[in-house]
Amino acid sequence: MSTLSSKHSFTNPTTTTVFFLFFAVQISTIIASSPHVINFRSPNLFPEGLAWDPTAQHFLVGSLRHRTISAISDAGVVETLVSDPSLPENVSILGLAVDSRNNRVLAALHALAPLPPFNALAAYDLRSGRRLFLSALPSAVEGDEERAIANDVAADFKGNAYVTNSVGNYIWKVNEKGEASILSNSARFTEHPVIIEEKFSSCGLNGVVYNSKGYLLVVQTNTGKMFKVDADDGVARLVLLNEDLVGADGVALRNDGVVLVVSLRRVWLLKSNDGWSQGVVFDKIDLDDEGFPTSIVVRERERAYVLHGRMMEGILGNSSESFKIEEVRSPKESEGENVWMYVMVGIGLAYFLFWRFQMKQLVNNMNKKIN
């Protein structure tokens, strides 16, 4: 009889409720988990570019004032990967891209006035930090060096790099050996009216990302336009969007084809069903512009992170040592995930109720046999 009594206790509603509540709490914990925020400190670093190194599992950032590239761990530990004092004094390391196949990081370099014009792409070994090449980026017109700011960079799977010129509105291409040329100086880049806004009115082509189908997606800060550019011949076409991405800066591409574009105040999420002849903004994520967000990257499991590098404070000559990298999540996609989680809770409840019914039937049958 003691054995039957023990089995009967498993059909007690209180026991079933405890099991179910435990399951629900675990699901709720997943739903309620906060986005990952990495606070890191480095005196006057003022990083503008952000990249993710999937092999070493850390972020990489450049610097407005230092000729360095730093590695940032998930815990916010800062380590210098590259220190290149041979670069011209006060050169800024802006856009970054990790070329995993060639084990290197690519850095867009620009010297701010009043220093002589300097725009280049540098490649460094991802492990040793040793410089592999330094390629000066040519002007579209001889003697027009003033109309150039090497801003962002993307890499393809063949070792080529693509660098945007934010003042001249054209795109450089640098091959695996460091040989630089102008890929695209399309008239499409200058046919749209500039939106006058003090913070970005002079900034044209900016964020760039490479699509494995052989083209670039490039955003233009002062018009809010996006362009699709052939990575071989440089032919550029306007991507028709349902809204302009005014103030657009960095760009990232998820494995599912979703493109994320960051500006000072928000992240746009875009998708296309026709290979980016057209695209649609399907969600937005509001940002705090105090940290002056500039760059966005995607790491494993499609997690997106935005860099708050306080660039404007650095440009104005102020000092700061506190910066952050913040995970951002799509509200609409999170809603979908939450619905799935609630479905799982419902399935769990149904399972436990069914289990309770089966156990009760078993105990009743055993009682009948004994009696």
Exercise for the section: Step by step, work out the side-chain contact (heavy atoms from CB on, under 4.5 Å) result for K177 and F133. Expected result: CA-CA 8 Å; K177 297 178 181 179; F133 65 72; over 6 Å; no
Exercise for the section: Walk me through it: do T190 and N169 pass the test side-chain hydrogen bond (donor to acceptor under 3.5 Å, both in side chains)? Expected result: CA-CA 7 Å; T190 54; N169 279 303; over 6 Å; no
Handout entry: side-chain contact (heavy atoms from CB on, under 4.5 Å) between D53 and R127, intermediate numbers included
Key = CA-CA 11 Å; D53 182 353; R127 300 298 161 253; 3.0 Å; yes
Exercise for the section: Take K332 and L269, measure what side-chain contact (heavy atoms from CB on, under 4.5 Å) needs, and give me the verdict at the end. Expected result: CA-CA 10 Å; K332 288 187 177 179; L269 286 86; over 6 Å; no
Exercise for the section: Verify side-chain contact (heavy atoms from CB on, under 4.5 Å) between W268 and S263, making sure each step is shown before the conclusion. Expected result: CA-CA 8 Å; W268 292 277; S263 72; 3.6 Å; yes
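For the pair L50 and I72, the minimum side-chain heavy-atom distance is 4.5 Å or more. By the 4.5 Å heavy-atom criterion applied to side chains, L217 and L253 are not counted as neighbours. Here the side chains of S92 and L112 are in contact, with some heavy-atom distance below 4.5 Å. Residues F40 and L45 are in side-chain contact: their nearest non-hydrogen atoms beyond the backbone lie under 4.5 Å apart. Between F227 and Q220, the closest side-chain pair of non-hydrogen atoms falls below 4.5 Å. In this structure the side chain of V98 never reaches within 4.5 angstrom of the side chain of T55, judged on heavy atoms. The shortest side-chain heavy-atom distance between R303 and R329 does not fall under the 4.5 Å cut-off. Taking the side chain as every heavy atom from C-beta outward, V328 and V262 never approach each other to under 4.5 Å.
Under a 3.5 Å cut-off, the side chain of Y162 and the backbone N or O of V208 do not form any donor-acceptor pair. Of the possible donor and acceptor atoms, none in the side chain of N222 sits under 3.5 Å from a partner among the backbone N and O of I195. In this structure a side-chain-to-backbone donor-acceptor pair under 3.5 Å is missing from K225 to R188. Under the 3.5 Å distance criterion, the side-chain polar atoms of R65 are matched with a main-chain donor or acceptor of G314. Panel note: side chain D233, backbone V235; a donor-acceptor pair is recorded below 3.5 Å. Side-chain atoms of E48 do not come within 3.5 Å of backbone N or O of G309 as any donor-acceptor pair. The backbone N or O of G178 lies less than 3.5 Å from a partner atom in the side chain of N175, making a donor-acceptor pair. A donor-acceptor distance shorter than 3.5 angstrom exists from the side chain of T164 to the backbone of D152, with no hydrogens or angles considered. No donor-acceptor distance shorter than 3.5 angstrom exists from the side chain of D286 to the backbone of R266, with no hydrogens or angles considered. No donor-acceptor distance shorter than 3.5 angstrom exists from the side chain of R254 to the backbone of A304, with no hydrogens or angles considered.
The 12-atom threshold is not exceeded at CG of N273, counting heavy atoms of other residues, nucleotides or ligands nearer than 6.0 Å. At most 12 heavy atoms of other shown residues, nucleotides or ligands fall within 6.0 angstrom of atom CD in E89. Counting heavy atoms of neighbouring residues, nucleotides and ligands inside a 6.0 Å radius, atom CD of Q57 exceeds 12 of them. In the displayed structure, E79 atom CD is contacted under 6.0 Å by at most 12 heavy atoms of other residues, nucleotides or ligands.
Taking 4.0 Å as the cut-off between side-chain N and carboxylate O, K271 and E333 do not count as a salt-bridged pair. Between D84 and R67 there is no salt bridge, since no side-chain nitrogen of the basic residue lies less than 4.0 Å from a carboxylate oxygen of the acidic one. With respect to D156 and K158, no salt bridge is recorded, no charged nitrogen being found less than 4.0 Å from a carboxylate O. Using a 4.0 Å cut-off between charged side-chain N and carboxylate O, D288 and K324 make no salt bridge.
To the nearest 0.5 Å, atom OG of residue S63 and atom CZ of residue F323 are 8.0 Å apart. Rounded to the nearest 0.5 Å, atoms OG (S100) and CG (L126) are 7.0 Å apart. The structure places CG of L238 at 4.5 Å from NE2 of H192, a figure rounded to the nearest 0.5 Å. The line from NE2 of H66 to CG of L87 is 14.0 Å long, rounded to the nearest 0.5 Å. One distance of note links NZ of K173 with CD1 of I171; it measures 11.5 Å at 0.5 Å rounding. Here the straight-line distance linking atom CG of D249 with atom CE of M311 works out to 8.5 Å at 0.5 Å rounding.
A continuous path of Ile, Leu, Val, Met, Phe, Trp and Tyr side chains, each step under 4.5 Å between heavy atoms, connects Y210 with L205, placing both in one hydrophobic cluster. Hydrophobic clustering (ILVMFWY, side-chain heavy atoms < 4.5 Å, transitive): L96 and V82 are in one cluster. Hydrophobic clustering of Ile, Leu, Val, Met, Phe, Trp and Tyr side chains at less than 4.5 Å, counting indirect connections, keeps V258 apart from V239. Taking hydrophobic clusters as Ile, Leu, Val, Met, Phe, Trp and Tyr residues chained together by side-chain heavy-atom distances below 4.5 Å, V251 shares a cluster with L270. Taken together through direct or relayed side-chain contacts under 4.5 Å among Ile, Leu, Val, Met, Phe, Trp and Tyr, L106 and I182 form part of one hydrophobic cluster.
Between P293 and V306, the shortest heavy-atom distance links the atoms CB-CG1, 3.7 Å. Counting all heavy atoms, side chain and backbone alike, E176 lies closest to N160 at N-OD1, 4.1 Å. Residues A108 and A150 share a closest heavy-atom pair of CB-O, 4.0 Å. Scanning both residues, V209 and A154, for their nearest heavy atoms gives CA-CB, 4.0 Å. The two residues A236 and S184 have their closest heavy-atom pair at CB-OG, 4.3 Å. Nearest heavy atoms, V218 versus N206: CG1-N, 4.4 Å.
Residues satisfying the side chain to side chain donor-acceptor pair (under 3.5 Å) test with R237, not counting sequence neighbours, are none.
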